[in-house]
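Each chain gets a letter, A, B and so on, in the order its sequence line appears, and its residues count up from 1.
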Protein chains: 2
Amino acid sequence: MSQVQLAKQLRVSCESCSLSELCLPRGLTVQEISQLDDYIERPRKLDPNTQIYQPGDKFFGFYAVRSGGVKTYLTKKTGEQQILGFHLPGEIFGLDGMEHNSHRCYASTMDNTSYCTIPFEKLDELCAELPDLRIQVYKLLGHEINCDHSHQLLLGQQTAHERLATFLLSISSRFKHRGFSPTSFMLPMSRHDIACYLGIAVETVSRLFKSFQQQGIVKINRKQVDILNMDLLTGLVANCEESDSL
Amino acid sequence: MSQVQLAKQLRVSCESCSLSELCLPRGLTVQEISQLDDYIERPRKLDPNTQIYQPGDKFFGFYAVRSGGVKTYLTKKTGEQQILGFHLPGEIFGLDGMEHNSHRCYASTMDNTSYCTIPFEKLDELCAELPDLRIQVYKLLGHEINCDHSHQLLLGQQTAHERLATFLLSISSRFKHRGFSPTSFMLPMSRHDIACYLGIAVETVSRLFKSFQQQGIVKINRKQVDILNMDLLTGLVANCEESDSL
DNA sequence: CGCTTGATTGATTTGAGTCAATCCCAGTGG
DNA sequence: CCACTGGGATTGACTCAAATCAATCAAGCG
(Lines give C-alpha, C1' and ligand atoms only; values in the text may rest on other atoms or scores of the structure.)
Protein backbone atom coordinates (compact mmCIF):
# COMPACT_ATOMS: atom_id res chain seq x y z
CA MET A 1 0.00 0.00 0.00
CA SER A 2 1.40 3.42 -0.89
CA GLN A 3 2.07 6.11 1.67
CA VAL A 4 -0.82 8.16 0.33
CA GLN A 5 -3.26 5.26 0.35
CA LEU A 6 -2.27 4.40 3.90
CA ALA A 7 -2.77 7.96 5.05
CA LYS A 8 -6.13 8.07 3.36
CA GLN A 9 -7.25 4.95 5.12
CA LEU A 10 -6.18 6.37 8.44
CA ARG A 11 -7.96 9.59 7.71
CA VAL A 12 -11.17 7.72 7.17
CA SER A 13 -10.72 5.69 10.31
CA CYS A 14 -10.36 8.85 12.40
CA GLU A 15 -12.89 10.93 10.53
CA SER A 16 -15.71 11.05 13.06
CA CYS A 17 -13.41 11.33 16.04
CA SER A 18 -12.28 14.28 18.13
CA LEU A 19 -8.69 13.26 17.92
CA SER A 20 -8.91 13.99 14.21
CA GLU A 21 -9.11 17.63 15.20
CA LEU A 22 -5.57 17.16 16.38
CA CYS A 23 -4.14 15.91 13.15
CA LEU A 24 -6.33 16.01 10.08
CA PRO A 25 -7.29 19.62 9.46
CA ARG A 26 -5.42 22.86 9.07
CA GLY A 27 -2.80 22.15 6.50
CA LEU A 28 -0.96 19.19 7.88
CA THR A 29 0.63 17.27 5.05
CA VAL A 30 -0.30 13.68 4.28
CA GLN A 31 3.14 12.78 5.54
CA GLU A 32 2.48 14.54 8.83
CA ILE A 33 -0.89 12.95 9.26
CA SER A 34 0.41 9.45 8.87
CA GLN A 35 3.25 10.37 11.21
CA LEU A 36 0.79 11.06 14.02
CA ASP A 37 -1.53 8.25 13.03
CA ASP A 38 1.35 5.81 13.32
CA TYR A 39 1.41 6.45 17.03
CA ILE A 40 -2.28 6.11 17.70
CA GLU A 41 -3.04 2.71 19.08
CA ARG A 42 -5.98 1.12 17.36
CA PRO A 43 -9.29 0.42 19.09
CA ARG A 44 -9.51 -1.67 22.22
CA LYS A 45 -12.79 -3.17 23.20
CA LEU A 46 -14.10 -3.31 26.75
CA ASP A 47 -17.20 -4.62 28.53
CA PRO A 48 -19.57 -2.33 30.41
CA ASN A 49 -18.46 -1.19 33.88
CA THR A 50 -14.81 -1.90 33.29
CA GLN A 51 -12.25 0.31 34.91
CA ILE A 52 -9.82 1.92 32.47
CA TYR A 53 -7.67 3.69 35.04
CA GLN A 54 -7.80 4.81 38.64
CA PRO A 55 -6.01 7.37 40.82
CA GLY A 56 -2.29 6.72 40.93
CA ASP A 57 -2.11 4.89 37.61
CA LYS A 58 0.66 6.05 35.33
CA PHE A 59 -0.37 8.66 32.77
CA PHE A 60 0.11 7.14 29.37
CA GLY A 61 -1.62 9.60 27.11
CA PHE A 62 -5.01 10.70 25.87
CA TYR A 63 -7.94 8.40 25.18
CA ALA A 64 -10.52 8.85 22.44
CA VAL A 65 -13.86 7.08 22.69
CA ARG A 66 -14.87 5.35 19.47
CA SER A 67 -18.08 3.67 20.57
CA GLY A 68 -20.00 3.25 23.79
CA GLY A 69 -19.33 5.71 26.59
CA VAL A 70 -16.92 6.43 29.43
CA LYS A 71 -17.34 8.25 32.74
CA THR A 72 -14.57 9.88 34.76
CA TYR A 73 -15.16 10.40 38.47
CA LEU A 74 -13.76 11.14 41.90
CA THR A 75 -14.97 9.53 45.11
CA LYS A 76 -15.32 10.49 48.76
CA LYS A 77 -14.07 8.23 51.53
CA THR A 78 -17.68 7.35 52.20
CA GLY A 79 -18.00 6.01 48.68
CA GLU A 80 -20.19 8.61 47.01
CA GLN A 81 -18.85 9.44 43.60
CA GLN A 82 -18.85 12.74 41.77
CA ILE A 83 -18.89 12.14 38.06
CA LEU A 84 -16.70 14.74 36.38
CA GLY A 85 -17.62 14.03 32.83
CA PHE A 86 -19.34 11.69 30.39
CA HIS A 87 -17.32 10.93 27.28
CA LEU A 88 -19.28 9.98 24.19
CA PRO A 89 -17.96 8.60 20.90
CA GLY A 90 -15.55 11.08 19.36
CA GLU A 91 -14.62 12.69 22.66
CA ILE A 92 -11.34 12.72 24.58
CA PHE A 93 -10.53 11.90 28.19
CA GLY A 94 -7.52 11.19 30.36
CA LEU A 95 -6.30 14.77 30.72
CA ASP A 96 -6.34 14.48 34.50
CA GLY A 97 -3.03 12.62 34.38
CA MET A 98 -1.05 15.44 32.84
CA GLU A 99 -0.15 17.36 35.98
CA HIS A 100 1.74 14.66 37.85
CA ASN A 101 2.16 12.02 35.16
CA SER A 102 -0.33 9.92 37.05
CA HIS A 103 -4.10 9.91 37.03
CA ARG A 104 -6.13 11.69 39.67
CA CYS A 105 -9.55 10.25 38.98
CA TYR A 106 -11.23 7.03 37.89
CA ALA A 107 -12.31 6.24 34.35
CA SER A 108 -14.65 3.40 33.52
CA THR A 109 -16.91 2.27 30.73
CA MET A 110 -20.69 2.58 30.92
CA ASP A 111 -21.41 0.28 28.02
CA ASN A 112 -19.58 -1.89 25.51
CA THR A 113 -16.90 0.56 24.60
CA SER A 114 -13.97 0.86 22.25
CA TYR A 115 -11.32 3.51 22.30
CA CYS A 116 -7.99 4.62 20.84
CA THR A 117 -5.00 5.89 22.75
CA ILE A 118 -2.34 8.34 21.73
CA PRO A 119 0.89 8.32 23.75
CA PHE A 120 1.55 11.71 25.25
CA GLU A 121 5.30 11.62 24.68
CA LYS A 122 4.88 11.05 20.97
CA LEU A 123 2.23 13.75 20.73
CA ASP A 124 4.54 16.17 22.51
CA GLU A 125 7.42 15.36 20.15
CA LEU A 126 5.23 16.12 17.17
CA CYS A 127 4.08 19.32 18.86
CA ALA A 128 7.62 20.60 18.78
CA GLU A 129 7.56 20.41 15.01
CA LEU A 130 3.94 21.15 14.12
CA PRO A 131 2.61 24.53 15.31
CA ASP A 132 -0.90 23.71 14.14
CA LEU A 133 -0.96 20.52 16.16
CA ARG A 134 0.21 22.48 19.20
CA ILE A 135 -2.68 24.90 18.78
CA GLN A 136 -5.11 21.97 18.57
CA VAL A 137 -3.76 20.55 21.81
CA TYR A 138 -4.19 23.92 23.55
CA LYS A 139 -7.73 24.12 22.28
CA LEU A 140 -8.48 20.61 23.50
CA LEU A 141 -7.20 21.46 26.98
CA GLY A 142 -8.96 24.81 26.95
CA HIS A 143 -12.16 23.04 26.04
CA GLU A 144 -11.82 20.67 28.98
CA ILE A 145 -11.29 23.65 31.29
CA ASN A 146 -14.34 25.47 29.94
CA CYS A 147 -16.51 22.36 30.28
CA ASP A 148 -15.37 21.98 33.86
CA HIS A 149 -16.27 25.59 34.53
CA SER A 150 -19.77 25.11 33.14
CA HIS A 151 -20.12 22.06 35.35
CA GLN A 152 -19.09 24.12 38.37
CA LEU A 153 -21.76 26.70 37.55
CA LEU A 154 -24.30 23.91 37.27
CA LEU A 155 -23.32 22.28 40.56
CA GLY A 156 -23.00 25.52 42.48
CA GLN A 157 -25.92 27.64 41.30
CA GLN A 158 -28.55 25.64 39.45
CA THR A 159 -31.70 24.02 40.83
CA ALA A 160 -32.37 20.33 40.23
CA HIS A 161 -34.69 21.16 37.27
CA GLU A 162 -32.11 23.39 35.69
CA ARG A 163 -29.41 20.78 36.14
CA LEU A 164 -31.36 18.02 34.47
CA ALA A 165 -32.47 20.29 31.62
CA THR A 166 -28.90 21.48 31.10
CA PHE A 167 -27.76 17.89 31.06
CA LEU A 168 -30.27 16.86 28.40
CA LEU A 169 -29.38 19.88 26.27
CA SER A 170 -25.68 19.09 26.55
CA ILE A 171 -26.12 15.48 25.50
CA SER A 172 -28.43 16.56 22.69
CA SER A 173 -26.02 19.12 21.29
CA ARG A 174 -23.13 16.70 21.50
CA PHE A 175 -25.02 14.04 19.57
CA LYS A 176 -25.97 16.68 17.03
CA HIS A 177 -22.35 17.77 16.68
CA ARG A 178 -21.35 14.17 15.89
CA GLY A 179 -24.05 13.86 13.25
CA PHE A 180 -26.72 12.04 15.24
CA SER A 181 -30.26 13.16 15.97
CA PRO A 182 -30.38 15.89 18.61
CA THR A 183 -33.95 15.02 19.57
CA SER A 184 -33.99 11.24 19.73
CA PHE A 185 -31.20 9.26 21.34
CA MET A 186 -30.23 6.58 23.84
CA LEU A 187 -28.57 7.62 27.06
CA PRO A 188 -25.51 5.47 27.64
CA MET A 189 -25.53 6.05 31.41
CA SER A 190 -27.71 4.85 34.30
CA ARG A 191 -29.98 7.06 36.40
CA HIS A 192 -27.48 6.67 39.18
CA ASP A 193 -24.71 8.07 36.98
CA ILE A 194 -26.86 10.99 35.90
CA ALA A 195 -27.56 11.75 39.56
CA CYS A 196 -23.86 11.58 40.45
CA TYR A 197 -22.98 13.86 37.59
CA LEU A 198 -25.60 16.43 38.55
CA GLY A 199 -25.00 16.25 42.29
CA ILE A 200 -28.58 15.21 43.08
CA ALA A 201 -30.31 12.00 44.25
CA VAL A 202 -31.41 9.22 41.89
CA GLU A 203 -34.99 9.62 43.08
CA THR A 204 -34.89 13.28 42.10
CA VAL A 205 -33.79 12.33 38.59
CA SER A 206 -36.75 9.96 38.28
CA ARG A 207 -39.23 12.50 39.58
CA LEU A 208 -37.96 15.26 37.31
CA PHE A 209 -37.99 13.03 34.23
CA LYS A 210 -41.60 12.28 35.06
CA SER A 211 -42.37 15.95 35.58
CA PHE A 212 -40.72 16.94 32.27
CA GLN A 213 -42.73 14.23 30.58
CA GLN A 214 -46.00 15.45 32.11
CA GLN A 215 -45.22 18.94 30.82
CA GLY A 216 -44.85 17.47 27.32
CA ILE A 217 -41.22 18.52 27.09
CA VAL A 218 -39.76 15.07 26.57
CA LYS A 219 -40.76 11.44 26.18
CA ILE A 220 -38.62 9.07 28.15
CA ASN A 221 -38.67 5.32 28.08
CA ARG A 222 -35.93 3.77 30.09
CA LYS A 223 -32.77 5.00 28.29
CA GLN A 224 -34.54 6.22 25.17
CA VAL A 225 -35.02 9.99 25.15
CA ASP A 226 -37.15 11.98 22.71
CA ILE A 227 -37.13 15.73 23.06
CA LEU A 228 -40.60 16.92 22.05
CA ASN A 229 -40.25 20.63 22.73
CA MET A 230 -36.73 21.99 22.59
CA ASP A 231 -37.83 25.55 23.38
CA LEU A 232 -39.52 24.54 26.61
CA LEU A 233 -36.45 22.54 27.57
CA THR A 234 -34.19 25.50 26.85
CA GLY A 235 -36.56 27.69 28.82
CA LEU A 236 -35.95 25.61 31.93
CA VAL A 237 -32.34 26.71 32.01
CA ALA A 238 -32.02 30.18 33.46
CA ASN A 239 -28.28 30.64 33.40
CA CYS A 240 -26.60 33.08 31.05
CA GLU A 241 -23.93 30.71 29.89
CA GLU A 242 -24.81 29.29 26.53
CA SER A 243 -24.69 25.54 27.06
CA ASP A 244 -21.48 24.26 25.62
CA SER A 245 -21.08 21.06 23.69
CA LEU A 246 -18.17 18.95 24.81
CA MET B 1 24.23 45.56 32.59
CA SER B 2 25.58 42.22 31.42
CA GLN B 3 23.39 39.48 30.05
CA VAL B 4 23.95 37.40 33.16
CA GLN B 5 23.21 40.25 35.55
CA LEU B 6 20.03 41.06 33.67
CA ALA B 7 18.87 37.48 33.81
CA LYS B 8 19.66 37.30 37.49
CA GLN B 9 17.61 40.38 38.21
CA LEU B 10 14.70 38.95 36.29
CA ARG B 11 15.07 35.69 38.10
CA VAL B 12 14.75 37.48 41.40
CA SER B 13 11.74 39.42 40.24
CA CYS B 14 9.93 36.21 39.26
CA GLU B 15 11.25 34.09 42.07
CA SER B 16 8.17 33.83 44.23
CA CYS B 17 5.80 33.53 41.32
CA SER B 18 4.13 30.57 39.65
CA LEU B 19 5.13 31.73 36.23
CA SER B 20 8.70 31.08 37.28
CA GLU B 21 7.80 27.41 37.14
CA LEU B 22 7.46 28.00 33.42
CA CYS B 23 10.91 29.38 32.85
CA LEU B 24 13.37 29.28 35.71
CA PRO B 25 13.87 25.66 36.70
CA ARG B 26 14.80 22.52 34.87
CA GLY B 27 17.89 23.40 32.94
CA LEU B 28 16.87 26.37 30.89
CA THR B 29 19.94 28.43 30.10
CA VAL B 30 20.34 32.01 31.27
CA GLN B 31 19.90 32.99 27.67
CA GLU B 32 16.60 31.16 27.48
CA ILE B 33 15.34 32.60 30.74
CA SER B 34 15.89 36.16 29.65
CA GLN B 35 14.32 35.29 26.32
CA LEU B 36 11.02 34.45 28.03
CA ASP B 37 11.32 37.19 30.61
CA ASP B 38 11.62 39.75 27.85
CA TYR B 39 8.06 38.99 26.87
CA ILE B 40 6.54 39.15 30.30
CA GLU B 41 4.88 42.48 30.82
CA ARG B 42 5.80 44.00 34.14
CA PRO B 43 3.33 44.52 36.97
CA ARG B 44 0.16 46.49 36.54
CA LYS B 45 -1.62 47.82 39.59
CA LEU B 46 -5.37 47.78 40.04
CA ASP B 47 -7.88 48.92 42.69
CA PRO B 48 -10.17 46.45 44.47
CA ASN B 49 -13.24 45.24 42.56
CA THR B 50 -11.86 46.13 39.16
CA GLN B 51 -12.75 43.95 36.21
CA ILE B 52 -9.76 42.54 34.36
CA TYR B 53 -11.69 40.80 31.61
CA GLN B 54 -15.18 39.54 30.86
CA PRO B 55 -16.76 36.97 28.53
CA GLY B 56 -16.07 37.78 24.92
CA ASP B 57 -12.87 39.72 25.56
CA LYS B 58 -9.98 38.75 23.36
CA PHE B 59 -7.59 36.20 24.86
CA PHE B 60 -4.25 37.83 25.21
CA GLY B 61 -2.34 35.38 27.35
CA PHE B 62 -1.88 34.20 30.90
CA TYR B 63 -1.96 36.41 33.97
CA ALA B 64 0.14 35.93 37.09
CA VAL B 65 -0.96 37.54 40.35
CA ARG B 66 1.88 39.34 42.13
CA SER B 67 0.00 40.85 45.06
CA GLY B 68 -3.60 41.09 46.20
CA GLY B 69 -6.07 38.56 44.82
CA VAL B 70 -8.24 37.83 41.81
CA LYS B 71 -11.47 35.88 41.38
CA THR B 72 -12.73 34.30 38.18
CA TYR B 73 -16.46 33.61 37.86
CA LEU B 74 -19.44 32.82 35.67
CA THR B 75 -22.91 34.28 36.17
CA LYS B 76 -26.49 33.19 35.65
CA LYS B 77 -29.01 35.40 33.86
CA THR B 78 -30.51 36.10 37.25
CA GLY B 79 -27.22 37.57 38.44
CA GLU B 80 -25.97 34.90 40.85
CA GLN B 81 -22.32 34.25 40.31
CA GLN B 82 -20.40 31.03 40.61
CA ILE B 83 -16.83 31.77 41.52
CA LEU B 84 -14.59 29.31 39.70
CA GLY B 85 -11.36 30.11 41.44
CA PHE B 86 -9.49 32.45 43.73
CA HIS B 87 -6.05 33.41 42.52
CA LEU B 88 -3.53 34.36 45.18
CA PRO B 89 -0.09 35.93 44.69
CA GLY B 90 2.08 33.61 42.62
CA GLU B 91 -0.86 31.93 40.89
CA ILE B 92 -1.97 31.96 37.28
CA PHE B 93 -5.33 32.70 35.69
CA GLY B 94 -6.78 33.44 32.28
CA LEU B 95 -6.70 29.90 30.89
CA ASP B 96 -10.40 30.05 30.06
CA GLY B 97 -9.59 32.06 26.95
CA MET B 98 -7.52 29.37 25.27
CA GLU B 99 -10.29 27.41 23.62
CA HIS B 100 -11.78 30.12 21.43
CA ASN B 101 -9.18 32.85 21.75
CA SER B 102 -11.69 34.79 23.79
CA HIS B 103 -12.54 34.64 27.45
CA ARG B 104 -15.52 32.70 28.76
CA CYS B 105 -15.67 34.01 32.31
CA TYR B 106 -15.14 37.19 34.29
CA ALA B 107 -11.98 38.04 36.19
CA SER B 108 -11.83 40.82 38.75
CA THR B 109 -9.67 41.94 41.64
CA MET B 110 -10.71 41.44 45.26
CA ASP B 111 -8.15 43.83 46.70
CA ASN B 112 -5.38 46.17 45.57
CA THR B 113 -3.79 43.85 43.09
CA SER B 114 -0.80 43.77 40.77
CA TYR B 115 -0.14 41.22 38.09
CA CYS B 116 2.09 40.31 35.17
CA THR B 117 0.97 39.09 31.77
CA ILE B 118 2.65 36.80 29.35
CA PRO B 119 1.45 36.89 25.74
CA PHE B 120 0.29 33.48 24.63
CA GLU B 121 1.72 33.74 21.13
CA LYS B 122 5.20 34.41 22.41
CA LEU B 123 4.93 31.62 24.93
CA ASP B 124 3.85 29.24 22.21
CA GLU B 125 6.76 30.23 19.98
CA LEU B 126 9.18 29.49 22.78
CA CYS B 127 7.40 26.20 23.41
CA ALA B 128 8.37 25.05 19.95
CA GLU B 129 12.03 25.36 20.87
CA LEU B 130 12.08 24.52 24.57
CA PRO B 131 10.77 21.05 25.47
CA ASP B 132 11.06 21.76 29.19
CA LEU B 133 8.95 24.87 28.89
CA ARG B 134 6.36 22.86 26.98
CA ILE B 135 6.18 20.35 29.81
CA GLN B 136 5.70 23.17 32.31
CA VAL B 137 2.80 24.54 30.29
CA TYR B 138 1.16 21.10 30.18
CA LYS B 139 1.57 20.79 33.93
CA LEU B 140 0.08 24.21 34.48
CA LEU B 141 -2.97 23.31 32.40
CA GLY B 142 -3.21 19.89 34.02
CA HIS B 143 -3.14 21.56 37.40
CA GLU B 144 -6.02 23.84 36.46
CA ILE B 145 -8.02 20.82 35.30
CA ASN B 146 -7.33 18.90 38.52
CA CYS B 147 -8.29 21.90 40.66
CA ASP B 148 -11.52 22.23 38.73
CA HIS B 149 -12.22 18.55 39.33
CA SER B 150 -11.71 18.92 43.08
CA HIS B 151 -14.06 21.88 43.01
CA GLN B 152 -16.66 19.76 41.25
CA LEU B 153 -16.39 17.10 43.95
CA LEU B 154 -16.80 19.79 46.57
CA LEU B 155 -19.84 21.35 44.91
CA GLY B 156 -21.51 18.07 44.06
CA GLN B 157 -20.94 15.87 47.09
CA GLN B 158 -19.81 17.80 50.13
CA THR B 159 -21.96 19.24 52.92
CA ALA B 160 -21.67 22.90 53.83
CA HIS B 161 -19.29 22.09 56.74
CA GLU B 162 -17.06 20.02 54.53
CA ARG B 163 -17.00 22.73 51.88
CA LEU B 164 -15.94 25.46 54.26
CA ALA B 165 -13.33 23.24 55.91
CA THR B 166 -11.96 22.23 52.52
CA PHE B 167 -11.81 25.87 51.55
CA LEU B 168 -9.83 26.86 54.64
CA LEU B 169 -7.43 23.96 54.14
CA SER B 170 -6.90 24.90 50.52
CA ILE B 171 -6.13 28.53 51.31
CA SER B 172 -3.88 27.44 54.16
CA SER B 173 -1.87 25.03 52.04
CA ARG B 174 -1.51 27.59 49.27
CA PHE B 175 -0.17 30.22 51.66
CA LYS B 176 2.19 27.63 53.07
CA HIS B 177 3.40 26.72 49.59
CA ARG B 178 4.25 30.37 48.94
CA GLY B 179 6.20 30.64 52.16
CA PHE B 180 3.57 32.28 54.38
CA SER B 181 2.10 30.99 57.62
CA PRO B 182 -0.38 28.15 57.03
CA THR B 183 -2.16 28.82 60.32
CA SER B 184 -2.50 32.59 60.45
CA PHE B 185 -3.51 34.64 57.45
CA MET B 186 -5.85 37.28 56.05
CA LEU B 187 -8.55 36.20 53.65
CA PRO B 188 -8.50 38.47 50.62
CA MET B 189 -12.14 37.77 49.74
CA SER B 190 -15.50 38.77 51.23
CA ARG B 191 -17.96 36.38 52.89
CA HIS B 192 -20.11 36.79 49.82
CA ASP B 193 -17.28 35.61 47.57
CA ILE B 194 -16.60 32.62 49.82
CA ALA B 195 -20.28 31.73 49.62
CA CYS B 196 -20.32 32.03 45.83
CA TYR B 197 -17.24 29.87 45.54
CA LEU B 198 -18.66 27.17 47.80
CA GLY B 199 -22.16 27.24 46.35
CA ILE B 200 -23.79 28.10 49.69
CA ALA B 201 -25.45 31.20 51.22
CA VAL B 202 -23.53 34.01 52.94
CA GLU B 203 -25.47 33.41 56.14
CA THR B 204 -24.36 29.79 56.13
CA VAL B 205 -20.73 30.89 55.89
CA SER B 206 -21.21 33.12 58.94
CA ARG B 207 -22.94 30.44 60.95
CA LEU B 208 -20.33 27.82 60.14
CA PHE B 209 -17.43 30.13 60.97
CA LYS B 210 -19.10 30.69 64.32
CA SER B 211 -19.62 26.98 64.81
CA PHE B 212 -15.98 26.16 63.92
CA GLN B 213 -14.90 28.83 66.38
CA GLN B 214 -17.09 27.41 69.15
CA GLN B 215 -15.52 24.00 68.56
CA GLY B 216 -12.10 25.59 69.05
CA ILE B 217 -11.00 24.74 65.52
CA VAL B 218 -10.31 28.28 64.37
CA LYS B 219 -10.31 31.85 65.58
CA ILE B 220 -11.85 34.25 63.13
CA ASN B 221 -11.94 37.99 63.32
CA ARG B 222 -13.33 39.59 60.24
CA LYS B 223 -10.81 38.57 57.54
CA GLN B 224 -8.12 37.39 59.94
CA VAL B 225 -8.06 33.60 60.26
CA ASP B 226 -6.08 31.61 62.82
CA ILE B 227 -6.26 27.86 62.58
CA LEU B 228 -6.01 26.53 66.14
CA ASN B 229 -6.44 22.83 65.49
CA MET B 230 -5.43 21.64 62.07
CA ASP B 231 -6.30 17.99 62.81
CA LEU B 232 -9.88 18.81 63.75
CA LEU B 233 -10.20 20.92 60.63
CA THR B 234 -8.85 18.11 58.48
CA GLY B 235 -11.21 15.73 60.26
CA LEU B 236 -14.19 17.75 59.03
CA VAL B 237 -13.38 16.81 55.46
CA ALA B 238 -14.59 13.34 54.68
CA ASN B 239 -13.65 13.03 51.06
CA CYS B 240 -10.87 10.74 49.88
CA GLU B 241 -9.25 13.30 47.62
CA GLU B 242 -6.27 14.87 49.32
CA SER B 243 -6.96 18.59 49.18
CA ASP B 244 -4.91 20.04 46.39
CA SER B 245 -3.13 23.34 46.53
CA LEU B 246 -3.67 25.50 43.50
C1' DC C 1 -39.74 -18.53 36.00
C1' DG C 2 -37.81 -16.80 39.99
C1' DC C 3 -33.85 -13.61 40.89
C1' DT C 4 -31.21 -9.64 40.74
C1' DT C 5 -30.52 -5.03 39.75
C1' DG C 6 -32.07 -0.64 38.39
C1' DA C 7 -36.04 2.52 38.23
C1' DT C 8 -40.04 4.50 40.08
C1' DT C 9 -43.22 6.20 43.51
C1' DG C 10 -44.76 7.75 48.04
C1' DA C 11 -44.10 9.47 52.91
C1' DT C 12 -41.33 11.92 55.81
C1' DT C 13 -37.29 14.56 57.36
C1' DT C 14 -33.80 17.98 57.22
C1' DG C 15 -29.89 20.91 55.84
C1' DA C 16 -29.51 24.89 54.12
C1' DG C 17 -31.95 28.85 52.02
C1' DT C 18 -34.68 32.94 52.53
C1' DC C 19 -36.39 36.81 54.88
C1' DA C 20 -35.71 40.24 58.19
C1' DA C 21 -33.45 42.67 61.68
C1' DT C 22 -29.52 44.30 63.90
C1' DC C 23 -24.51 44.88 64.41
C1' DC C 24 -20.12 46.67 63.49
C1' DC C 25 -16.45 48.58 61.34
C1' DA C 26 -14.14 51.66 57.85
C1' DG C 27 -14.36 55.68 55.77
C1' DT C 28 -16.19 60.54 55.56
C1' DG C 29 -16.94 64.96 56.81
C1' DG C 30 -17.99 68.43 60.18
C1' DC D 1 -11.31 64.16 67.19
C1' DC D 2 -15.61 62.25 67.04
C1' DA D 3 -20.38 61.59 65.26
C1' DC D 4 -22.45 59.84 61.12
C1' DT D 5 -23.32 56.62 57.59
C1' DG D 6 -23.40 52.75 54.45
C1' DG D 7 -22.19 48.18 53.27
C1' DG D 8 -20.59 43.91 54.77
C1' DA D 9 -21.27 40.57 58.51
C1' DT D 10 -23.94 38.39 61.91
C1' DT D 11 -27.93 36.50 64.13
C1' DG D 12 -32.58 34.69 64.56
C1' DA D 13 -37.15 32.87 62.84
C1' DC D 14 -39.23 30.46 59.47
C1' DT D 15 -39.64 27.86 54.93
C1' DC D 16 -38.76 24.72 51.43
C1' DA D 17 -36.28 21.99 47.87
C1' DA D 18 -34.35 18.03 47.81
C1' DA D 19 -32.56 14.09 50.59
C1' DT D 20 -33.60 10.04 52.90
C1' DC D 21 -36.21 6.09 53.98
C1' DA D 22 -39.10 2.57 52.42
C1' DA D 23 -41.78 -0.02 49.35
C1' DT D 24 -42.96 -1.64 45.04
C1' DC D 25 -42.26 -2.23 40.01
C1' DA D 26 -40.08 -3.74 35.73
C1' DA D 27 -36.85 -5.79 32.82
C1' DG D 28 -33.11 -8.54 31.60
C1' DC D 29 -31.04 -13.08 32.48
C1' DG D 30 -29.39 -17.65 33.80
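Across all strands, B/Ser206 comes closer than 4.0 Å to base atoms (heavy-atom distances).
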What's the verdict on side chain to side chain donor-acceptor pair (under 3.5 Å) for A/Asp96 and A/Tyr53, showing C-alpha distance, side-chain angles and the deciding distance?
-> CA-CA 11 Å; A/Asp96 58 285; A/Tyr53 60 74; 2.6 Å; yes
B/Leu169 and B/Arg174: CA distance, side-chain angles, deciding distance, side chain to side chain contact (heavy atoms under 4.5 Å, CB included) verdict = CA-CA 8 Å; B/Leu169 288 170; B/Arg174 285 151 70 182; over 6 Å; no
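For A/Arg222 against D/dG28, a side-chain-to-base donor-acceptor contact under 3.5 Å is absent. Residue-to-nucleotide contacts include no donor-acceptor pair under 3.5 Å from the side chain of A/Arg191 to the base of C/dT9.
Among the nucleotides D/dC21, C/dA7, D/dT11, the one closest to the side chain of A/Glu203 is D/dC21. Closest to the side chain of A/Ser190, out of D/dA19, C/dG10, C/dA7, is C/dA7. Taking every side-chain heavy atom of A/Thr204 into account, D/dA19 is the closest of D/dA19, D/dA9, D/dG12. The side chain of B/Lys223 sits closest to D/dA9 out of C/dG17, D/dA18, D/dA9. Here the side chain of A/Arg207 is nearest to one of D/dT20, D/dT10, C/dG17, namely D/dT20.
In this structure, A/Asp193 places its CG atom 11 Å from C1' of C/dG6, rounding to the nearest Å. A straight line from NE2 of A/His161 to P of D/dA19 spans 11 Å, rounded to a whole angstrom. Note: CD1 (A/Ile220) to C1' (D/dA26) measures 17 Å, nearest angstrom. Atom CG in A/Asp47 sits about 13 Å away from atom P in D/dC29, given to the nearest Å. Note: NE2 (A/His192) to P (C/dT8) measures 14 Å, nearest angstrom. C/dG15 atom P lies 19 Å from atom CG of B/Leu198, rounded to whole Å. Atom CG in B/Asn49 sits roughly 19 Å away from atom P in D/dG6 (whole-Å rounding). One can place CG of B/Leu236 at 16 Å from C1' of C/dG15, the figure rounded to the nearest angstrom.
Using modelled atom types, one side-chain atom of A/Thr166 and one backbone atom of A/Glu162 make a donor-acceptor pair closer than 3.5 Å.
Residue B/Lys223 places its NZ atom among more than 12 non-hydrogen atoms of other residues, nucleotides or ligands, all under 6.0 Å distant.
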Please set out all donor-acceptor pairs under 3.5 angstrom arising from side-chain atoms of residues 190-201 of chain A, sequence neighbours excluded.
| from | atom 1 | to | atom 2 | distance (Å) |
| --- | --- | --- | --- | --- |
| A/Ser190 | OG | A/His192 | N | 3.4 |
| A/Ser190 | OG | A/Asp193 | N | 3.1 |
| A/Arg191 | NH1 | A/Arg222 | O | 3.3 |
| A/Arg191 | NH2 | A/Arg222 | O | 2.8 |
| A/Asp193 | OD1 | A/Lys71 | NZ | 3.0 |

